[in-house]
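Reviewing the structure listed below.
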Protein chains: 2
Amino acid sequence: MPTPGKGDRYHHGDLRAALIEAAIELIREGGVSGFSMSEASRRLGVAVSAPYAHFADRNDLLAAVAVRACEVFYREMLQEIGKARDPADRLAAIARCYVRFAGFNRPLFEVLFTGRIDKRGHPEVEEAERPLDDTLLEIVRAVSGEDPLSSDDLATAAEAAAHGHAMMLLDGDFGDGDAAIEEAAQRASAATLALIEGRRLLSRRSAPKT
Amino acid sequence: MPTPGKGDRYHHGDLRAALIEAAIELIREGGVSGFSMSEASRRLGVAVSAPYAHFADRNDLLAAVAVRACEVFYREMLQEIGKARDPADRLAAIARCYVRFAGFNRPLFEVLFTGRIDKRGHPEVEEAERPLDDTLLEIVRAVSGEDPLSSDDLATAAEAAAHGHAMMLLDGDFGDGDAAIEEAAQRASAATLALIEGRRLLSRRSAPKT
DNA sequence: GTCTATATCCCGATAGAC
DNA sequence: GTCTATCGGGATATAGAC
C-alpha cells in the first residue's frame, strides 16, 4: 500500500521535506510557539518519533525552516533590486521587499526575524544569512558613499524602519489582506527615502564645510 | 503563623499585586511565553489554584500587566516630552523614550507591544492605551501642521522607526547593558529627526508651490 | 482566600521491535 | 525509516474542604 515516491503515510516518501512544509503551516496558524513536533507528526500521519530520524530535535527543524526562509527572501530581494539603478531607490526596494516578505511569507519571516531560534550548533543558518547582510551593506555603502561610519548608521536605521513597518503590518495596524501589505511596503519604501534625504540634510547642517 | 499584612505564604497578603510582580519577573527571564500560572504560584509559595481567586485565567493576568505597562510608559513619556519645546524634538523624545522603555522595562514592553494578548473581554487595556495614542497624535500634528493625511503618515513612520530600533535592541543588535540601550535610543531619536526633515524635503519637491 | 487533590491535555525525547 | 510504547515533565483549570 505505501507507494514509494508519494504515499499517504510517507513510507519511503520525503518525510524530511514534508516536515518542513508542515512546520511552516503550523507556524502560519499559531506562530513559532504554535509549532510542535507532535502536531506536525499528527498532521502528516506519522508516529511522533518519526521526525527524529531526520532532525535531532525541534530546534533543528526550525533551523531548516530558517535556511529556507533565507533562500526565499534572498531570491525575492535580488529580483526587486534589479528593477532599480539608483542606490537610494535600491535601498527603498529592499525595504519594500522586506515588508512584502513579512506579509506574504509570514511564517518564514517570523522564524527568521522574530523567532529566537538557537543558532548554536547551526552554522548553516548564519551562512544562509550572510548573502542577505552582504547585499544590504553593499547597497548602503553605495548610498552613503565616502564615510564608512555613516554607512553602518544608515544600515541600522533602514533596517529598523523596514522591521518596524513589517511588525506593525503583522500586528494588523494596516488592516488585513494584500492591500494592507502593499500599503505597509509602500510606506516603508517612502520612509527609507525620507530617511536618506533627511540624513543628508542634517549632516550637511552639522558639517557645512563638506 | 501567616501574618496578616505580609507573610511568607501570602495569607491575607496582597496576592493579586504579588502575582503581577511575579509575572513580570517570569517574563523578564523567559519572555511572555515563559510565564505560567503554575510557575508564578510556585515562586510565591501558594497553591496553583490560588491565582484563580484573583484572575479569571492566564490572559486576564497578562492584561493586568499590560495596563501596568501603559501607566509606566505614559508617565515616562510625559516626563521626557516636557524637556523639549520644539514639536520635532518632542517627537524625537518619544522615540527615545520608546526605546528606553523597551530596554529598561523589557517585560512590560513585550507584553504591551509584542505580547499578542487577547484583548477580547479586556477593554481596560485599550482604555489604558488611549492616552498614549492621543499624545503621540497630538505631537505629530504639531510637527506636520496643516495636512491631516500627512499626520497619519508621519505617526506611522515614527512609530515604525521607534519600534524597529526597540526590537533590534531586544534582539541584541546593539550589544548588552545600559550603553546599548542609550545607543539604540539615540539612533531612534536621530532617525526620527531625519525622517521629519526628509519628508519635508521630499514633499516640497513633489509640490514645489507650497 | 487559600489549600489539597485531581482531571485533562500536550509536549519532547528515547528504547526497542520490525 | 518508521512504528509502538513509554517515561517524565509541565500546563490550565476545576471541585470541594477549610
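Note on naming: letters A, B, ... go to the chains in the order of the sequence lines (proteins, then strands), and numbering restarts at 1 for each one. Just so you know, these numbers come straight off a predicted model, no measurement behind them. These values consider heavy atoms only, across backbone and side chains, with no hydrogens, waters or symmetry-generated copies.
Electrostatic pairing of B:R42 and B:E39 counts as a salt bridge here, judged by a charged N lying under 4.0 Å from a carboxylate O. Classification of A:R100 and A:E182 as a salt-bridged pair holds, one side-chain N sitting under 4.0 Å from a carboxylate O. Ion pair B:R96/B:E76 not flagged as a salt bridge, since none of the NZ, NE, NH1 or NH2 atoms sits closer than 4.0 Å to an Asp/Glu carboxylate oxygen. With salt bridges taken as basic N to acidic carboxylate O contacts below 4.0 Å, none links B:E126 and B:R130.
Taking each heavy atom of A:T192 and A:A95 in turn, the nearest pair found is OG1-CB, 3.3 Å. Residue B:R58 comes nearest to B:V32 through the heavy atom pair NH2-O, 3.7 Å, listed as atom of the first residue, atom of the second, then distance.
Contacts between residues 30-39 of chain A and DNA chain D, counted as heavy-atom distances below 4.0 Å, involve no residue at all. Of the residues in residues 49-60 of chain A, A:S49, A:Y52, A:D57, A:R58 come within less than 4.0 Å of DNA chain C through at least one heavy atom, sorted by number.
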Just distance, no hydrogens or angles: give the donor-acceptor pairs under 3.5 Å from side chains in residues 160-180 of chain B, sequence neighbours left out.
from	atom 1	to	atom 2	distance (Å)
B:H163	ND1	B:Y98	OH	2.8
B:H165	ND1	B:A161	O	2.9
B:D171	OD1	A:R116	NH1	3.0

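When rounded to the nearest whole Å, the span between CG of B:L44 and C1' of C:dT2 equals 13 Å. Protein atom CG of B:L62 is 10 Å distant from nucleotide atom P of D:dT12, rounded to whole Å.
In the displayed structure, B:Q79 atom CD is contacted under 6.0 Å by at most 12 heavy atoms of other residues, nucleotides or ligands.
Across all strands shown, A:R16 has no heavy atoms under 4.0 Å from either base or sugar-phosphate atoms.
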